[in-house]
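One structure below.
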Amino acid sequence: QVFYGVVQRDGQFVVYRDQRNSGDAAKAMWSTNTYKGEMEGISYRLVLTRAGSLELQQFNESDSRMLGLVWSSPPDPDHSGNVDGKYIAKLEGNGNFAVYLKTPCPSLIWESGTADSS
């Protein structure tokens, strides 16, 4: 199975399961549930912060200025200044979306909990 994530123009980040081989439309597996509706000149971006949290940010398309925080996963509770930038966000092969501390060994910080068992 193939999974992919999309930052949508309506203000949500959604993880989908691709079902093209079955002829069905993609199935939403998980989302931030932050529907805002489409707005002219406004977009959204998903950012992995230095503290290990994911942020869905609203921004102005003309100057990339951040307008607000739409959603955030929890930061690393053990975050200290010496691990800045050592996180990765990973959409796993089973559809689970997760953030890990890369070093010294992979350590789970947050996950969507949407692993697909089918």
Without swapping roles, check the side chain of S107 against the backbone of L101 for a donor-acceptor pair under 3.5 Å. no
As an exercise, state the distance from CD of E40 to CZ of R9, rounded to the nearest 0.5 Å. 7.5 Å
So, for Y44 and Q8, which heavy atoms are closest and what is the spacing to 0.1 Å? CD1-O, 3.7 Å
Verify, without hydrogens or angle tests, whether N96 (side chain) and A98 (backbone) share a donor-acceptor contact under 3.5 angstrom. no
Look up atom CZ in F97 and atom CG in L46, then write down how far apart they are to the nearest 0.5 Å. 5.5 Å
Classify the ring geometry of W30 against W71: parallel below 30°, tilted from 30° to 60°, perpendicular beyond 60°. perpendicular
Distance, nearest 0.5 Å, that separates CZ of F59 from CE of M66: 11.5 Å
Examine M39 and V70 and state if one hydrophobic cluster contains both, with Ile, Leu, Val, Met, Phe, Trp and Tyr joined whenever side-chain heavy atoms are less than 4.5 Å apart. yes
Using every non-hydrogen atom in the two residues, find where V14 and A28 come nearest and quote the distance to one decimal. CG1-CB, 3.8 Å
Grouping I, L, V, M, F, W and Y whenever their side-chain heavy atoms are under 4.5 Å apart, do I42 and V47 come out in a common cluster? no
If you look at every heavy atom in N33 and Q12, which pair is closest and at what distance? CA-OE1, 3.6 Å
Does any N or O in the side chain of T34 come within less than 3.5 Å of the main-chain N or O of F13, such that one atom is a donor and the other an acceptor? no
E61 and S43: side chain donor to acceptor below 3.5 Å: yes
Mind checking the CD-CG spacing from E92 to N94? Nearest 0.5 Å is all I need. 5.5 Å
Determine the minimum heavy-atom distance between T32 and G11, stating which atoms define it. OG1-O, 4.3 Å
Should Y16 and L56 be counted in the same cluster of Ile, Leu, Val, Met, Phe, Trp and Tyr side chains packed under 4.5 Å apart? no
As an exercise, state the distance from CG of L69 to CD of E55, rounded to the nearest 0.5 Å. 5.0 Å
I'd like to know if L67 and L54 are part of one continuous hydrophobic network [Ile/Leu/Val/Met/Phe/Trp/Tyr, side-chain heavy atoms within less than 4.5 Å]. yes
Paired with Y100, the side-chain contact (heavy atoms from CB on, under 4.5 Å) test is passed by just one of I88, I109, D76, namely I88
Roughly how far, to the nearest 0.5 Å, is the CG atom of L108 from the CD atom of E111? 5.0 Å
Between F3 and G93, which heavy-atom pair has the shortest distance, and what is it? CE1-O, 3.2 Å
Closest non-hydrogen atom pair between W110 and P74, with its separation: CD1-CD, 3.3 Å
